[in-house]
Chemist: 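Have a look at this one before I ask anything.
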Amino acid sequence: MLRVAFWLTALLFVPLGLYLYFLSPGVAALLGVSPLWLARGSGALLLAWGAFQVAASFRPDAVKVAGLAGGNLLCVAALLPAALRGAESLPPGLRSLLLGLSAFLIVLAVLAILSFPSRRGHL
């Protein structure tokens, strides 16, 4: 289950990172993203985070699990307030997407924490 949490996080962030990194100016203007370098910088960070999740899934340890859980919860801390406060300014579909993504990231963080074997079992 622990590897599943790493891979699902990677499957979320790698495509999103690639999309944002290669965001065309036309799509950026349509979405209202300005300046474009900010979207590309965010895309690079998300791509790096997703690639790290793929690498970490091969040998999960306590530090990598903490990184997965902490990173996912930090993303939730950024997305959830925007979704809750932007009820009147966000389109309903986007608001639902942000809330669903936040719930998914929380589930993956909790799954990773609960799936990591405790040290007490190795004594």
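Worth knowing before you read on, the calculation uses all heavy atoms, side chains too, and leaves out hydrogens, waters and symmetry mates.
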Chemist: Give, for atom CG of Leu16 and atom CG of Leu46, the distance between the pair rounded to the nearest 0.5 Å.
Modeler: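 Between Leu16 CG and Leu46 CG, I get 5.0 Å after rounding to 0.5 Å.
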
Chemist: List the residues meeting side chain to side chain contact (heavy atoms under 4.5 Å, CB included) with Tyr21, not counting sequence neighbours, and say none if there are none.
Modeler: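 Only Arg40, Ala44 meet the side chain to side chain contact (heavy atoms under 4.5 Å, CB included) criterion with Tyr21.
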
Chemist: Could you give the distance from CG (Leu2) to CD1 (Ile113), rounded to the nearest 0.5 Å?
Modeler: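 Nearest 0.5 Å value for the CG-CD1 distance: 10.5 Å.
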
Chemist: Do Leu23 and Leu38 share a hydrophobic cluster (ILVMFWY, side-chain heavy atoms under 4.5 Å, transitive)?
Modeler: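 Unlinked, Leu23 and Leu38 end up in two clusters.
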
Chemist: Just grab all the side chain to side chain donor-acceptor pair (under 3.5 Å) pairs involving residues 53-82, residues at least two apart or on different chains.
Modeler: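 As it turns out, the side chain to side chain donor-acceptor pair (under 3.5 Å) pairs with a partner in residues 53-82, which skip direct neighbours, are Trp7-Ser57, Thr9-Asn72.
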
Chemist: If I take atom OG from residue Ser102 and atom CG from residue Leu84, how far apart are they, to the nearest 0.5 angstrom?
Modeler: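 These two atoms lie 8.0 Å from each other.
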
Chemist: Identify the two heavy atoms, one from Gly71 and one from Trp49, that lie closest to each other, and give their separation to 0.1 Å.
Modeler: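 So the minimum-distance heavy-atom pair works out to CA-CZ2, 3.8 Å.
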
Chemist: Might you point out which heavy atoms bring Phe13 and Cys75 nearest each other, and give the distance in Å?
Modeler: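 Shortest heavy-atom separation between Phe13 and Cys75 comes out as CZ-SG, 3.8 Å.
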
Chemist: Would a hydrophobic clustering, with Ile, Leu, Val, Met, Phe, Trp and Tyr connected at side-chain separations under 4.5 Å, put Val76 with Leu114?
Modeler: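 Yes, Val76 connects to Leu114 through the hydrophobic network.
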
Chemist: Does the side chain of Leu8 come within less than 4.5 Å of Phe104's, by heavy atoms?
Modeler: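 When only atoms from C-beta onward are counted, Leu8 and Phe104 do touch, with a gap below 4.5 Å.
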
Chemist: Nearest heavy-atom pair of Ser115 and Met1: which atoms, and what distance?
Modeler: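 So the minimum-distance heavy-atom pair works out to OG-CB, 3.3 Å.
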
Chemist: Where is the tightest heavy-atom contact between Gly50 and Ala10, given as atom of each residue plus distance?
Modeler: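 Closest approach of Gly50 to Ala10: O-CB, 3.4 Å.
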
Chemist: Quick check on the hydrophobic clustering: are Val27 and Trp37 connected, directly or via other members, by side-chain heavy-atom contacts under 4.5 Å?
Modeler: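 No, it is not one cluster - the side chains of Val27 and Trp37 are not joined through contacts under 4.5 Å.
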
Chemist: If you group Ile, Leu, Val, Met, Phe, Trp and Tyr by side-chain heavy-atom gaps below 4.5 Å, do Leu20 and Leu98 land in one group?
Modeler: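 Yes.
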
Chemist: Phe6 and side chain to side chain contact (heavy atoms under 4.5 Å, CB included): which partner among Val65, Leu108, Leu11?
Modeler: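 Answer to the side chain to side chain contact (heavy atoms under 4.5 Å, CB included) test with Phe6 among Val65, Leu108, Leu11: Val65.
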
Chemist: Can you tell me how far the OG atom of Ser96 sits from the CG atom of Leu101, to the nearest 0.5 Å?
Modeler: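 Interatomic distance, Ser96 OG to Leu101 CG, rounded to 0.5 Å: 12.0 Å.
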
Chemist: Quick check for you: to the nearest 0.5 Å, what is the distance between Leu99 atom CG and Leu79 atom CG?
Modeler: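 If we round to the nearest 0.5 Å, Leu99:CG and Leu79:CG are 9.5 Å apart.
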
Chemist: If I compare all heavy atoms of Ala112 with all of Ala5, which pair ends up nearest, and what's the gap?
Modeler: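 Heavy atoms of Ala112 and Ala5 come nearest at CB-CB, 4.1 Å.
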
Chemist: Transitively linked via ILVMFWY side-chain contacts under 4.5 Å: Leu73 with Leu45?
Modeler: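 No: no chain of side-chain contacts under 4.5 Å links Leu73 to Leu45.
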
